[in-house]
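Everything below concerns the one structure shown next.
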Amino acid sequence: MSYTTLLVDVDDSGIATVTINRPDKLNALNADVIDDLDAFFSRAETDESIKGIILTGAGEKSFVAGADIARFRELDGPSGRLFADRGQAVFNRIENLPKPVIAAINGFALGGGSELALACHIRIAADNAVFGQPEVNLGILPGYGATQRLPRLVGLGIATELILTGNMIKADRAHAIGLANQVVPAAELMGAARKMMGTILSKAPIAVALSLKALRVADRPLAEGLDVEAGLFGEACDTEDFKEGVEAFLGKRKASFTGR
Ligand code: COA
């Protein structure tokens, strides 16, 4: 499958590196990028050669500098609503993928770029990364999920500050508030993302998928979330990998998981 705005490379270990490739526009999200992300993540749901995804931006300056502001002149009330619905649907697809998705943030992650990173499961930032929700500067609010995902990740107070001021923050603050899981020198970004993905892919795949599923309901009422967790725990106990993991531990050997 080919994409007009994405570079996709799947290695032998099943790590797909997906690079948003509009560096002259700092990888801003136009309709083609949104369509390509939708197509890629739809494929990733069923393509067994893809085990995990690292999402990054082309060039050394930007992950994604936001939605493409050139499109904004056309938006009015009804089309703005559709614009937000479409982006949210694609980002929901990313968040709901039962395979790990790591954002490798190599520069600006602004507006829709920050929201794209928020929809990924883990965020690793280069030390030159800059995060922000500058929508208020344009007379709008975030429309691809930041008013909902940012407070869930960093708390309501800091999310409110970032969304109302539009201030940009550097990688060290993003790390301090829990927006970035890890900050590394820019030259080490992709290596760090691959290392973390390698660790995850060395675990039992069904356990990873079920963990992602349980984590998705972490914002539900506690009793409801715990009920989901218990159900998924039961599912995991029915797998061959569970038996293998326990036998390997008790036999003092390394587990060999098959994903069954
Ligand atoms: N949408 C469309 N084009 C964008 C863009 C966006 N979100 N962000 C950057 N670009 C384009 C610029 O228009 C410029 O295009 P040009 O060379 O054809 O003029 C190119 O990318 C390079 O950006 P430039 O502004 O020249 O780089 P800079 O280093 O001076 O500034 C930023 C970088 C990120 C601070 C600045 O581009 C910016 O503020 N972008 C918008 C961020 C934003 O508000 N995002 C949220 C949208 S909801």
Side-chain angles (χ1 to χ4, degrees), residues 20 22-23 25-31 33-34 37 55-59 61-77 79-96 101-183 189 216 218-219:
I20 298 174
R22 296 184 74 212
K25 297 292 179 193
L26 304 186
N27 305 316
L29 303 171
N30 64 9
V33 180
I34 293 289
L37 286 171
L55 191 56
T56 193
K61 197 170 162 183
S62 183
F63 173 68
V64 170
D68 192 332
I69 300 171
R71 299 172 67 190
F72 283 5
R73 282 195 177 125
E74 306 150 22
L75 294 185
D76 59 8
S79 60
R81 166 79 211 215
L82 292 175
F83 173 90
D85 282 343
R86 170 71 179 145
Q88 287 184 9
V90 174
F91 287 14
N92 285 343
R93 189 190 278 286
I94 296 172
E95 186 175 54
N96 289 326
V101 184
I102 295 178
I105 300 154
N106 56 313
F108 291 113
L110 301 175
S114 169
E115 292 169 300
L116 178 59
L118 286 167
C120 296
H121 302 135
I122 292 171
R123 286 150 293 282
I124 302 182
D127 52 9
N128 68 330
V130 174
F131 294 79
Q133 296 296 155
E135 288 87 349
V136 284
N137 296 323
L138 299 169
I140 46 174
L141 68 156
Y144 285 178
T147 65
Q148 304 307 304
R149 292 195 177 97
L150 192 58
R152 283 168 167 81
L153 193 62
V154 305
L156 187 57
I158 292 172
T160 303
E161 173 201 328
L162 294 176
I163 290 170
L164 297 194
T165 64
N167 284 346
M168 297 187 194
I169 60 169
K170 293 185 178 167
D172 54 353
R173 183 162 186 226
H175 187 229
I177 64 176
L179 178 50
N181 295 70
Q182 192 184 346
V183 180
L189 178 65
R216 288 281 62 75
D219 54 351

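Side-chain atoms are counted along with the backbone in the values below, which use heavy atoms only and exclude waters and symmetry mates.
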### Message
Test of understanding: with salt bridge (Lys or Arg N to Asp or Glu O under 4.0 Å), list the residues that count as partners of D76, not counting sequence neighbours.
### Response
none
### Sequence-distant partners of F91, ring-ring contact (aromatic ring centres under 6.0 Å, His included), two or more places apart
Y144
### Query
With A159, which residues qualify under side chain to side chain contact (heavy atoms under 4.5 Å, CB included), at least two apart?
L150, P151, V154
### Query
Which residue pairs pass the salt bridge (Lys or Arg N to Asp or Glu O under 4.0 Å) test with at least one member in residues 110-125, sequence neighbours excluded?
none
### Task
Hey, could you give me each pair passing ring-ring contact (aromatic ring centres under 6.0 Å, His included) that has a residue in residues 112-137? Not counting sequence neighbours.
none
### Task
With sequence neighbours excluded, give me every ring-ring contact (aromatic ring centres under 6.0 Å, His included) pair touching residues 151-179.
none
### Query
Taking only residues two or more places apart in sequence, or in another chain, which ones meet D127 in a side chain to side chain contact (heavy atoms under 4.5 Å, CB included)?
V183, P185, A186
### salt bridge (Lys or Arg N to Asp or Glu O under 4.0 Å): pairs with one or both residues in residues 146-167, sequence neighbours excluded
E95-R149, R152-D219, E161-R173
### Query
Mind checking what makes side chain to side chain donor-acceptor pair (under 3.5 Å) contact with R93, not counting sequence neighbours?
D38, E45
### Residue list, side chain to side chain contact (heavy atoms under 4.5 Å, CB included) with L164, at least two apart or on another chain
T160
Counting only pairs under 3.5 Å, give me each side-chain donor-acceptor contact of residues 102-112, with atom names and distances, residues two or more places apart or in other chains.
unit_1	atom_1	unit_2	atom_2	d
N106	OD1	T56	OG1	3.3
N106	OD1	G57	N	3.3
N106	ND2	G57	O	2.7
N106	ND2	G59	O	3.0
N106	ND2	S62	O	3.2

### Message
Going by side chain to side chain donor-acceptor pair (under 3.5 Å), name the residues that satisfy it together with N128, two or more places apart in sequence or in a different chain.
### Response
none
